[in-house]
There are 2 protein chains.
Amino acid sequence: MTDDGRLLRGRRSREAILGQAVSLASVEGLDGLSLSRLATALGISKSGFFAHWRDKEQLQLDAVDWAVRQWTERIISPALHAPRGVRRLFALHEARLRFYTDRVLPGGCFFLTVQTEFDDRPGPVRERVSQAMRDWLALLRRVAAEAVECGDLRPDVDPAQLAYEIEALGELAVAHSRLFREPQAITYSRRAVLQRLRALCPDPALLPED
Amino acid sequence: MTDDGRLLRGRRSREAILGQAVSLASVEGLDGLSLSRLATALGISKSGFFAHWRDKEQLQLDAVDWAVRQWTERIISPALHAPRGVRRLFALHEARLRFYTDRVLPGGCFFLTVQTEFDDRPGPVRERVSQAMRDWLALLRRVAAEAVECGDLRPDVDPAQLAYEIEALGELAVAHSRLFREPQAITYSRRAVLQRLRALCPDPALLPED
DNA sequence: ATACTATATGAACGATCGGTCGTTTAGTTT
DNA sequence: AAACTAAACGACCGATCGTTCATATAGTAT
């Protein structure tokens, strides 16, 4: 049943397609991405997509889910190995910056691209992207709240406010580093979050000097 | 010479087209924007563009310049009325947030959209956008440096670092407020910059409480 | 009135878009 | 071997893309 060669082949195809779709979409966006270019990049035929997805929108939705999975595996999971509190919060930020500097995606950040692409057009893709970003921000907020609870951060810190700041300082790092073709923005981003956290953290030993 | 009715009419047409192009591009991007939709939005014919621009790329370049002009008129110039120093720096941030909440552009921010759209594709448009953002960041940096020089901000403040932070906290405000359909991000953005500046500013009277 | 120029149009072009359809290939079941 | 199924293909569709071109209109110059 599970070792049906046809189903296995299909799943591999879908995954290969989704991986390439996320890569290309990080550059051109989910709508800017055309099925023809996606097909030629994979060496397959254009009509083959419709054996797996009803239309382009379904593929876009699955691509968002695939990008969420990639983000979880490469950023969230590793950072969760850091000890609870402010160190875990900073680990999330550093893992994100490493994701950018490692050039995992040719366009830098899938979510920044599709977020600005779809934030003004109604539809299922927009809702899916919106939910993904809500989930990510909720995670940042929760980890920040944990840092307050365990005493790493001063008790008057607003976790939602702090989550917004970390997200903003992180997202623009990839945008500037690519637009200006220089890694300067990554340095600013890291230092900004670090200084901010150190200012809110009574124990200076929990965070690196710089 | 200057009162040639034909040239006047042509200039008005170009300005009307550029204004609409910037508006539409703030939603769909400069490339996502199609000449057909731009023409129908203006009630003119599609082929009329080529009386004013050689091709679409020339129109895109002029649209960037037009957006810079709008940004200068609506954000930079008003903020320069604030007194030199930290108050002028915060005035720039508040003018930007007002630009967003006033819904001047249907897509929120032209520059965020085209920046993420073109940061990975080489070409003249990319270079023009890149230069526009460099200029804007240079202005933020200069105003921040002035604030340090005149003693508003502590002498150890790095103006380039601070400019990056203000830009990041400002850009994501429009992205989040639109993606989540709630103005919360604007509040976070304002408070983040305000708290950051107050922490660096010896004289608390220069900035509002919150 | 005539010649000239800037602005705008409608019809058409080749290219590409997302999508359909009938067929073939690969693998499973009986 | 025959029947069946999932996956992939090539050919083709109507729509839309940016662009060209011949032409018409509007305003200036002689």
Side-chain angles (χ1 to χ4, degrees), chain A residues 1-21 24-25 27-64 114 117-118 121-126, chain B residues 1-22 24-25 27-64 114 117-118 121 123-126:
Chain A
M1 203 47 130
T2 55
D3 58 345
D4 187 322
R6 296 168 301 179
L7 298 180
L8 183 71
R9 187 160 64 107
R11 219 193 51 177
R12 304 240 166 150
S13 292
R14 266 188 297 274
E15 293 181 354
I17 291 172
L18 287 175
Q20 187 71 54
L24 287 181
V27 178
E28 327 219 29
L30 272 174
D31 229 57
L33 163 67
S34 89
L35 298 184
S36 323
R37 263 174 292 163
L38 183 53
T40 54
L42 287 157
I44 63 174
S45 78
K46 193 177 57 159
S47 54
F49 291 115
F50 301 94
H52 303 288
W53 292 279
R54 197 188 324 140
D55 52 23
K56 188 182 180 183
E57 188 178 88
Q58 291 297 319
L59 190 150
Q60 291 174 324
L61 291 170
D62 281 1
V64 175
V114 301
E117 190 185 14
F118 281 93
R121 334 183 188 176
V125 178
R126 186 207 129 93
Chain B
M1 204 49 129
T2 55
D3 58 344
D4 188 321
R6 297 168 301 179
L7 299 179
L8 184 71
R9 186 161 64 107
R11 220 193 51 181
R12 303 239 166 151
S13 292
R14 267 188 296 276
E15 293 181 354
I17 291 172
L18 287 174
Q20 187 70 53
V22 169
L24 287 182
V27 178
E28 329 219 28
L30 272 174
D31 229 57
L33 163 68
S34 89
L35 298 183
S36 323
R37 263 174 293 163
L38 183 53
T40 54
L42 287 157
I44 64 174
S45 78
K46 194 174 54 157
S47 54
F49 292 115
F50 300 91
H52 303 286
W53 293 277
R54 196 187 324 138
D55 52 24
K56 188 182 179 182
E57 188 176 271
Q58 290 297 320
L59 190 150
Q60 291 174 325
L61 290 170
D62 280 2
V64 175
V114 302
E117 190 185 12
F118 281 93
R121 323 182 197 180
V125 179
R126 186 207 128 93

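Sequence lines set the chain letters: A, B, ... in the order given, protein chains first and strands last, and positions in each chain run from 1.
- Nucleic acid contact class of A:Ser34 (heavy atoms, under 4.0 Å, all strands): sugar-phosphate only.
- The nearest whole Å value for the distance from the CG atom in A:Leu24 to the P atom in C:dC17 is 12 Å.
- Taking side-chain N and O atoms only, A:Ser36 has a distance below 4.0 Å to OP1 or OP2 of C:dC17.
- At the heavy-atom level, A:Ile17 lies nowhere under 4.0 Å from the strands shown.
- Residue A:Gly10 is in sugar-phosphate contact alone, with no base atom involved, counting any heavy-atom pair closer than 4.0 Å across all strands shown.
- For C:dG19, its base sits under 3.5 Å from the side chain of A:Lys46 at one donor and acceptor pair at least.
- For a distance-only test at 3.5 Å, the side chain of A:Arg6 fails to qualify as a donor-acceptor partner of the base of C:dT28.
- Among the heavy atoms of the strands, none lies under 4.0 Å from A:Arg12.
- Comment: A:Asp62 does not engage A:Arg14 in a salt bridge, judged by the lack of any side-chain N to carboxylate O separation of less than 4.0 angstrom.
- Summarising the geometry, the separation between CZ on B:Arg14 and C1' on C:dA8 is reported as 13 Å, rounded to the nearest angstrom.
- Rounding to whole angstrom units, CG of residue A:Leu33 and P of C:dT16 are separated by 16 Å.
- One interatomic measurement links the two molecules: CZ of B:Arg9 to P of D:dG27, which rounds to 6 Å at whole-angstrom precision.
- Remark: B:Leu59 CG to B:Glu57 CD distance equals 11.0 Å, nearest 0.5 Å.
- Between the CG atom of A:Leu35 and the CD1 atom of A:Ile44 there is a distance of 9.5 Å, given to the nearest 0.5 Å.
- Taking CG of B:Asp31 as the start and CG of A:Asp31 as the end, the distance is 12.5 Å to the nearest 0.5 Å.
- Nearest heavy-atom pair, B:Glu117 versus B:Leu30, reported as atom, atom and distance to 0.1 Å: OE1-N, 2.8 Å.
- Spacing between atom CG of A:Asp4 and atom C1' of C:dT30 amounts to 15 Å, rounded to whole angstrom units.
- The base of D:dG10 is not paired with the side chain of A:Ser45 by any donor and acceptor separated by under 3.5 Å.
- We find that NZ of B:Lys56 is positioned 13 Å from C1' of C:dT16, with the value rounded to whole Å.
- Considering all non-hydrogen atoms of both residues, B:Val125 and B:Gln60 come closest at CG2-OE1, 3.6 Å.
- Distance, B:Leu7 CG to D:dG27 C1': 10 Å, rounded to whole Å.
- The overall bend of the helix from C:dA1-D:dT30 to C:dT30-D:dA1, read as the angle between its terminal helix axes built from five base pairs each, is 0° when rounded to 10 degrees.
- What separates NE2 of A:His52 from P of D:dA8 is a distance of 4 Å, to the nearest Å.
- Note that the CG atom of B:Leu38 and the NZ atom of B:Lys46 stand 12.0 Å from one another [nearest 0.5 Å].
- Heavy atoms of B:Ser47 sit under 4.0 angstrom from at least one base atom.
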